[in-house]
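To start, the structure under review is shown below, and the notes come after it.
We count residues from 1, following the sequence as given. As a basis for the values below, the full set of heavy atoms in this structure was taken, side chains included, without hydrogen atoms, waters or symmetry mates.
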Amino acid sequence: MSDYDDELTTTLSAADLRRVARYHRWLVAVLLAQLGLWFAYLFLGCMGFNVFDNARLPVILTFILGAVGGIYTFLLYATIKRPIVGIVLGLAAFFPCLGILVFLVVNGTAAVVLRAAGVKVGMLGVHPDAIPEDYDVLPEDDEDPGW
């Protein structure tokens, strides 16, 4: 764990960790929705349906999902880092292919922050209710430093 991770866990309260967990789950949902949308679109095209002539609906849905993901990206980065970084990444998430990359980076950042606080992160994130109200963000270090 780096010094930056230690700095993040010392500044985040239990309420902040629950907020990060909630935003993280929404970002995972947006990422899976975008991937599922385009895999279904390509699958239908490969199965012989004439979907390649009119890609209007998937593109519109991609922009909508990108906007929703951009909002959660901003909220997440405003909680754990700086709001200006959240604004830049949130705007970048609006664009179709770049949005998936942004979601992957933000997903990894949220997972690192949650793990650094001692929260077990699963494939779909952490349920916010799994973090108790009186969660001790910095557990006592019982190890002897060896002095």
Side-chain angles (χ1 to χ4, degrees), residues 1-139 141:
M1 190 162 51
S2 68
D3 292 336
Y4 184 70
D5 293 339
D6 289 338
E7 178 184 320
L8 283 175
T9 56
T10 57
T11 59
L12 292 178
S13 66
D16 288 338
L17 283 177
R18 279 192 298 282
R19 198 173 308 123
V20 168
R22 187 176 330 117
Y23 300 153
H24 180 237
R25 284 177 64 97
W26 277 104
L27 279 174
V28 169
V30 168
L31 178 63
L32 291 176
Q34 275 197 357
L35 291 175
L37 170 74
W38 285 104
F39 281 131
Y41 180 74
L42 291 174
F43 178 75
L44 288 174
C46 291
M47 293 301 292
F49 292 97
N50 193 10
V51 294
F52 294 122
D53 291 340
N54 189 6
R56 186 178 207 160
L57 180 65
V59 170
I60 290 172
L61 288 176
T62 298
F63 279 112
I64 291 171
L65 288 171
V68 170
I71 291 168
Y72 283 109
T73 298
F74 166 73
L75 292 172
L76 183 75
Y77 265 78
T79 304
I80 62 174
K81 289 190 178 189
R82 295 175 185 88
I84 191 70
V85 176
I87 291 171
V88 171
L89 288 175
L91 291 174
F94 184 70
F95 299 103
C97 290
L98 184 60
I100 290 177
L101 294 175
V102 168
F103 295 150
L104 289 173
V105 168
V106 173
N107 181 26
T109 303
V112 165
V113 168
L114 290 168
R115 283 187 189 121
V119 178
K120 185 177 181 201
V121 180
M123 182 71 122
L124 298 176
V126 176
H127 195 279
D129 293 338
I131 302 169
E133 291 285 334
D134 58 347
Y135 186 76
D136 188 13
V137 178
L138 287 177
D141 191 12

Subject >> Test side chain to side chain contact (heavy atoms under 4.5 Å, CB included) applied to Leu76 and Val113, Asn107, Leu89, Val20, the passing residue >> reply: Val20

Original post:
How long is the span from the OG1 atom in Thr109 to the CG atom in Leu114, to the nearest 0.5 Å?
Top reply: 11.0 Å

**OP:** Count the heavy atoms of every other residue, nucleotide or ligand shown that sit under 6.0 Å from CZ of Phe63, and state whether that count exceeds 12.
**Re:** yes

Original post:
Considering all heavy atoms of both residues, which atom of His24 and which atom of Ala110 are nearest to each other, and what is their separation?
Top reply: CD2-CB, 3.5 Å

Original post:
Out of curiosity, Tyr41 OH to Leu61 CG, how far, rounded to the nearest 0.5 Å?
Top reply: 12.0 Å

Original post:
If you take all heavy atoms of Thr73 and Val106, which pair is closest and at what distance?
Top reply: CG2-CG2, 3.6 Å

**OP:** Could you tell me the separation between the OG1 atom of Thr62 and the CZ atom of Phe95, rounded to the nearest 0.5 Å?
**Re:** 13.5 Å

Subject >> From CZ (Phe103) to OH (Tyr72), nearest 0.5 Å >> reply: 11.5 Å

Subject >> Closest non-hydrogen atom pair, Gly70 against Ala93 >> reply: CA-CB, 3.9 Å

**OP:** Taking all non-hydrogen atoms of both residues into account, name the closest pair between Arg25 and Leu124 and its distance.
**Re:** CG-O, 3.5 Å

Original post:
Below 6.0 angstrom between ring centroids: does that apply to Trp26 and Tyr23?
Top reply: no

**OP:** Identify the residue among Leu65, Leu35, Ile100 that makes a side chain to side chain contact (heavy atoms under 4.5 Å, CB included) with Val30.
**Re:** Leu65

Subject >> Minimum heavy-atom distance Gly86-Tyr77, with the two atoms named >> reply: CA-CB, 3.5 Å

Subject >> Between CG on residue Leu32 and CG on residue Leu27, distance to nearest 0.5 Å >> reply: 11.0 Å

Original post:
Could you give the distance from CG (Leu91) to CZ (Phe74), rounded to the nearest 0.5 Å?
Top reply: 10.0 Å

Original post:
Where is the tightest heavy-atom contact between Ala92 and Val102, given as atom of each residue plus distance?
Top reply: CB-CG2, 3.9 Å

